[in-house]
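Each remark here refers to the structure printed beneath this line.
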2 protein chains.
Amino acid sequence: MEIKVKEVPCEGHEYSNCDKHIAAVHDTMDVLSGKWKITIISLLGFGKRRYSEILKEVTGISGKMLSRELKDMEMNLLVKRTVISEQPISVVYELTDYCVDLLPVIHSLAEWGTKHRRCIVDQFKQERTEVSA
Amino acid sequence: MEIKVKEVPCEGHEYSNCDKHIAAVHDTMDVLSGKWKITIISLLGFGKRRYSEILKEVTGISGKMLSRELKDMEMNLLVKRTVISEQPISVVYELTDYCVDLLPVIHSLAEWGTKHRRCIVDQFKQERTEVSA
DNA sequence: CTGCATCCTGGGCGATACTG
DNA sequence: CAGTATCGCCCAGGATGCAG
């Protein structure tokens, strides 16, 4: 996080917090980045799952990526890993309470995304009618 | 956006909306993705800027990337591009009203990111004291 | 079953030079 | 001044195989 904006006159928000603000946004983006984390969080939102269950239910993900993402998410305290010592051994993952704080943020992303898709589609349609007119 | 989660029993939210929800989140992430968009939006939050001004104030960005990001953001209706026919020619960019809807979302990302950084740092400190104890 | 190591490819991003 | 073109690096992520 070495991204910086040079000093500029303030209109609306405090500059002194600006760099930190930007860094904080990137922190969250990093936690959610990659192709699979959102999907995994959404799936685990339905309840705890075993590794192999996640592998089946998240269509398209490879074993390597799932391991990597889960380890990453565990380090970020988003999921709890529990080893069940049966034969054969199994491991269950579940969302932490901490991760629940993230859900409203994800919802706000989803809301804007939904609106945005409509907006872009409408613009596309409008351009087509203008051409045909 | 072909990411899918297979049917699973619902606990809490409706499954039928789940795929769309995930796709919508990714839509927003795509719009904000890359190394520079957040920074550019934040800068333009202070007011309109010329291309060369942005180039100077966003430290580290190259001309190529700035052109590319601005073009991308213009397609996504986030910025408005205005050519001023002076000599030498200049171009000013400003946030659209539409982009303003995105600011609360960005703020929520920043809030969680700030908290998360504290959380991870605290965990790190705690692990160190446990080792020394 | 769970998870890591290896190899490989596409795309994000940087540096530099060039055009209107 | 505002961009584009070319080159090239690096790394996220896919495929496959191995280990505990």
Side-chain angles (χ1 to χ4, degrees), chain A residues 1-5 22 25-41 43-44 48-76 78-94, chain B residues 1-4 22 25-41 43-44 48-76 79-94:
Chain A
M1 288 305 119
E2 73 311 281
I3 298 159
K4 288 188 180 305
V5 177
I22 293 171
V25 177
H26 277 112
D27 283 344
T28 306
M29 297 284 285
D30 286 346
V31 168
L32 297 180
S33 71
K35 198 170 171 181
W36 303 110
K37 299 219 180 66
I38 307 274
T39 310
I40 295 170
I41 290 175
L43 174 63
L44 291 180
K48 54 181 67 170
R49 289 286 188 282
R50 297 180 44 182
Y51 176 87
S52 52
E53 290 174 328
I54 305 174
L55 201 56
K56 270 179 294 185
E57 295 183 52
V58 177
T59 55
I61 196 171
S62 68
K64 184 190 79 169
M65 287 311 297
L66 182 54
S67 302
R68 184 187 294 179
E69 300 287 50
L70 286 171
K71 192 194 297 179
D72 193 21
M73 291 164 71
E74 193 188 357
M75 285 178 41
N76 278 313
L78 299 185
V79 297
K80 176 156 158 274
R81 196 182 102 110
T82 311
V83 178
I84 313 250
S85 298
E86 294 167 351
Q87 255 347 314
I89 208 168
S90 77
V91 183
V92 288
Y93 292 89
E94 60 193 307
Chain B
M1 289 302 121
E2 73 312 283
I3 298 161
K4 287 188 181 305
I22 293 172
V25 177
H26 277 111
D27 283 344
T28 306
M29 296 285 285
D30 286 346
V31 167
L32 297 179
S33 70
K35 197 170 170 181
W36 303 110
K37 298 218 181 67
I38 306 273
T39 310
I40 295 170
I41 290 174
L43 174 63
L44 290 180
K48 54 181 67 171
R49 290 285 189 280
R50 298 178 43 179
Y51 176 88
S52 53
E53 290 173 328
I54 305 175
L55 201 57
K56 270 179 293 185
E57 295 183 51
V58 177
T59 55
I61 196 170
S62 68
K64 184 188 78 168
M65 286 311 299
L66 182 55
S67 301
R68 184 185 294 179
E69 301 286 50
L70 286 170
K71 195 190 297 180
D72 193 21
M73 291 165 71
E74 192 188 359
M75 283 178 42
N76 277 313
V79 297
K80 176 156 157 273
R81 196 182 102 110
T82 310
V83 179
I84 312 246
S85 298
E86 294 168 350
Q87 253 351 310
I89 208 167
S90 78
V91 182
V92 285
Y93 292 89
E94 60 192 308

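Here the structure is a predicted model, which is why all the values come from computation and not from measurement. Proteins get letters first, then strands, A, B, ... in listed order; numbering begins at 1 in each.
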When you measure from the side chain of [X], which nucleotide among [options] comes out closest?
| X | options | value |
| --- | --- | --- |
| R50(A) | dC1(D), dG14(C), dC1(C) | dC1(C) |
| S52(B) | dC1(D), dG3(D), dT2(C) | dC1(D) |
| K71(B) | dC4(C), dC13(C), dT4(D) | dT4(D) |
| K35(B) | dG14(C), dT2(C), dG14(D) | dG14(C) |

Once you round it to whole Å, what is the distance between [atom2] of [N] and [atom1] of [X]?
| X | N | atom1 | atom2 | value |
| --- | --- | --- | --- | --- |
| I61(B) | dA15(C) | CD1 | P | 11 Å |
| M65(B) | dC10(D) | CE | P | 17 Å |
| W36(A) | dA12(D) | CH2 | C1' | 13 Å |
| L66(A) | dA5(C) | CG | P | 16 Å |
| I84(A) | dT2(C) | CD1 | P | 11 Å |
| Y51(A) | dA19(D) | OH | C1' | 13 Å |
| R81(B) | dA2(D) | CZ | C1' | 8 Å |
| D30(B) | dG12(C) | CG | C1' | 13 Å |

Short side-chain N/O contact to dG3(D) OP1/OP2 from Y93(B), under 4.0 Å: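 Answer is yes, contact under 4.0 Å.
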
side-chain N/O R68(A) vs dC4(C) OP1/OP2, d < 4.0 Å: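 For dC4(C), OP1/OP2 do not have a side-chain N/O of R68(A) under 4.0 Å.
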
Atom of V31(A), atom of K37(A) and distance for their closest heavy-atom approach: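 Scanning both residues completely, I find the closest heavy atoms to be O-CD, 3.1 Å.
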
Any side-chain heavy atom of [X] within less than 4.5 Å of one from [Y]?
| X | Y | answer |
| --- | --- | --- |
| I61(B) | I54(B) | no |
| Y51(A) | L70(A) | yes |
| T39(A) | H26(B) | yes |

Comparing G60(A) and I89(B) on DNA chain D - which has the more 5′ nearest nucleotide: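 In this pair, the answer is I89(B).
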
E69(B) or G63(B), whichever maps to the more 5' nucleotide of DNA chain C: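 Looking at DNA chain C, the more 5' nearest nucleotide goes with E69(B).
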
5' precedence on DNA chain C between V83(A) and K64(A) (nearest-nucleotide basis):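 Here V83(A) is the residue nearer the 5' end.
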
Test log, rule side-chain contact (heavy atoms from CB on, under 4.5 Å), inputs L32(A) and I41(A): CA-CA 9 Å; L32(A) 297 180; I41(A) 290 175; 4.1 Å; yes

